[in-house]
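Structure, as structure tokens:
Worth knowing before you read on, the calculation uses all heavy atoms, side chains too, and leaves out hydrogens, waters and symmetry mates. The residues of the chain are indexed from 1 along the displayed sequence. Just so it is clear, the model here is predicted, and its values are computed rather than measured.
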Amino acid sequence: MKRREVLALSVLGAAAAIAPSRPSLSRNDRITNKTGAIASLRIYPAIGICRVGGSHKWFLSPEIPGLAPEDPDNYKDGDSLIKKQVQRFRIYAFDQENRVIGEITSEDADISWNAHLANTKAAWYEFFNPLDNGELAPPMDGGRRNPQIKSPQERKNQLIVDSGIISITGSNTNRNGGLSQYQCGGKFMNQTNVELGELRTDAKGRLLVFPGPGKSSSPTGHKITSYADNPEWIDDWCDGPIKALVKLKGDSEVIEAESAWVAAVGPNYAPEITPLVTMYDVIEHVNYTQSWSSKNKLVSFRQDIYPILRRLDLMRWVSEAALLRSGWADLGPLHKESYILKLSDNSPKHFKERNSILEKIRPPRDYIQKAKEDSKNDLMVPMMAGDGINYEDSPLHMFRLTNTQYQNLKRWAKGEFIADFIDQQSETIQRFEDIPLSQQPNALTRSALESCSGGAFHPGVELTYNLRHPTLFSKYYDNNKEAFRIAIGDRKSLYQDLGSKLTASDFVMTEKMTNSPIGKQMAGDLTRWMGIPWQCDVFSCQDVPQERDFPTATWWPAQIPINVLPEEFYQQAIDESLSEQERILFANQRKRWTRQVAGIGYHSNQSYWDGIENMISLWQTMGFVIRRGEKSTDIDNGSFLNDEFFVETGRGLIDLPSPFDQRRSET
């Protein structure tokens with residue numbers, strides 16, 4: 001059969017929908033419920049994620065792995081403002097045997113929280129490509145951002161926005177927001193006030209960290225000239241440690257809880273569509289390589305395999321290449337629960353289906369090197385650009401899974417896994433409280449980090465490649481600490497001077513970790529690696545032009561969609577007055593998510609600077625891709641028109657003149 005015929009036959013099933021999201025948690029909870037006295041307290045999630053938004057309305061960050069955050073308004077306040085995603089932190093008690101005793105709230109103790117948030121981007125170094133890929137994608141040194149400010153003291157004073165340590169206690173404190181003592185922020189270049197967020201507590205005394213409004217500005221009106229490094233610009237991304245002192249009621253002792261970290265980053269425009277490799281996967285791979293997690297743990301289909309298959313399937317709602325993937329890498333009907341049930345069966349009779357999927361997934365770079373395979377075999381999954389996009393002959397030119405993910409897939413293909421998948425009707429986890437107590441702490445960390453991209457790091461969407469290094473984590477320095485926790489540094493200043501250029505040798509420095517940028521971290525150290533202002537890099541890359549017309553590699557479609565099903569097309573697809581053929585035609589349409597925004601695309605496109613400068617103003621008018629579940633009644637149950645869709649909604653007015661045209665009219 002010719003490739004063209006394969007495409008024609010596959011189009012009817014291309015838009016088919018999958019069953020609703022499932023929690024990515026194993027049902028094999030083997031930890032005993034027997035517990036002793038409290039031996040330690042820890043804050044969760046270990047790394048939390050806020051997301052900026054211009055609205056005063058807000059919703060909570062996800063707390064159940066595999067499920068999106070809940071918001072009845074689809075994450076927007078009208079069509080021109082995005083709601084803030086707020087990270088909630090909880091405290092859990094553990095006994096001497098490291099068993100979970102339970103959550104500690106204001107009903108059990110007096111809790112004093114503090115947070116230290118900072119934005120140090122403008123005082124950091126330029127980004128050209130990751131410094132840790134060695135010969136596979138040779139590093140490029142980066143000079144100081146804002147080199148015109150030379151004095152270390154002046155760089156600290158003018159370029160770093162430091163909130164200092166902000167404390168909060170009690171229940172429902174600063175409930176409606178706005179109290180000055182709980183605001184986080186500072187000045188940039190002695191001129192611009194920057195809001196980094198604020199602290200509140202909920203009814204049970206848990207900490208709520210609110211992000212800033214997502215604003216970016218230049219006090220001097222400097223023109224945008226880079227996707228990552230723009231002089232005299234500032235935004236309101238930030239990060240820093242979260243700490244808590246706890247005095248249990250009836251006890252005089254004050255216990256310091258094991259600290260956590262929070263980062264405030266950009267919006268996730270497709271909250272229910274998880275990236276194929278998440279930041280949780282990246283850090284979990286670090287844990288395995290360092291033997292911080294068991295390398296001999298059983299592979300769970302529900303927790304380790306199903307999330308990957310689901311992510312692969314849902315990519316068709318944000319990428320046209322994935323929509324038509326059966327024409328170049330047919331993975332089978334991943335949208336059908338009957339097919340998933342076959343793949344979840346560990347018996348030999350379904351080996352062929354499992355192995356067929358494995359063979360179409362691009363192996364990690366270590367496997368490529370060992371097997372001496374063709375590093376430019378682009379027609380594999382995922383169809384995404386990698387860290388080494390600047391090096392066409394590198395195995396890192398295209399994006400790859402982590403070694404840990406791939407090893408789990410190999411064991412799955414062989415049938416070496418726990419067959420713990422259940423159908424939708426048997427699902428038991430509907431609320432956070434339904435998660436077994438022993439799994440709740442890690443579930444909070446996993447759900448926060450699963451929403452973040454695990455690559456490609458160029459530099460990325462939310463956070464970047466420094467997090468794949470063990471020296472950032474507390475467990476590297478103290479094996480009694482828990483995995484996923486960022487090690488807190490004790491530098492005298494948030495400003496870190498590594499000379500006129502940041503080089504690969506600076507990055508991999510391990511002898512004097514106090515001076516290493518990947519040693520113990522200070523407030524602002526995680527987000528400083530990202531583009532400034534944030535909109536430029538996040539929106540600068542959509543897809544990557546190649547010699548062939550199809551398929552086209554993308555960058556980060558799970559957070560920043562490439563091709564979407566617009567609301568208007570969806571309404572036609574569910575219109576029962578139309579014929580089934582007409583409805584199928586509408587259902588399989590995709591439009592560019594950035595349509596009408598001049599210049600958005602790859603770095604070399606005409607009007608490129610106009611495009612990313614436009615997004616500094618337009619980012620809140622962009623649509624969100626959300627699940628829509630209206631059911632049709634006149635189509636047989638076998639038709640995908642009788643299922644849910646992922647639809648672009650909340651798109652505002654985008655027909656604006658380009659920055660170039662605006663400047664020309666002013667002169």
Practice task
On the 0 to 90° scale, with breaks at 30° and 60°, tag the Phe624-Tyr269 ring pair as parallel, tilted or perpendicular.
Solution key: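 Judged by the thresholds at 30° and 60°, the geometry between Phe624 and Tyr269 is tilted.
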Practice task
Determine whether the aromatic ring centres of His458 and Phe127 lie less than 6.0 Å apart.
Solution key: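 Yes, the ring of His458 comes within the 6.0 Å limit of the ring of Phe127, centre to centre.
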Name all residues meeting the side-chain hydrogen bond (donor to acceptor under 3.5 Å, both in side chains) criterion together with [X]; count only those two or more places apart in sequence or in a different chain, and write none if there are none.
| X | value |
| --- | --- |
| Lys187 | Asn193 |
| Thr527 | Asp239 |
| Arg651 | none |
| Asp281 | Thr278, Arg311, Gln405 |

Handout entry: Salt bridge Glu462-Arg51, side-chain N to carboxylate O under 4.0 Å
Key =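 Looking at Arg51 together with Glu462, the answer is yes, because their closest N to O distance falls below 4.0 Å.
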Exercise for the section: State plainly whether the residues Arg145 and Asp229 are in salt-bridge range, i.e. N to O under 4.0 Å. Expected result: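 Result for this pair is yes, salt bridge flagged.
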Practice task
For Arg144, enumerate each residue passing the salt bridge (charged side-chain N to carboxylate O under 4.0 Å, His left out) test, keeping only those at least two apart in sequence or located in another chain.
Solution key: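 Listed in chain order: Asp497.
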Problem - Stacked cation flag Lys243 on Trp113, 6.0 angstrom / 45 deg - result: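 Output no; distance or angle outside limits.
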Problem - Neighbour count >12 (heavy atoms, 6.0 Å) for atom NZ, Lys83 - result: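 Result for NZ/Lys83: enclosed.
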Handout entry: Within residues 53-73 or reaching into it, pairs that qualify as ring-ring contact (aromatic ring centres under 6.0 Å, His included) - sequence neighbours excluded
Key =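 Sorted pair list: Trp58-Phe210, Phe59-Tyr75.
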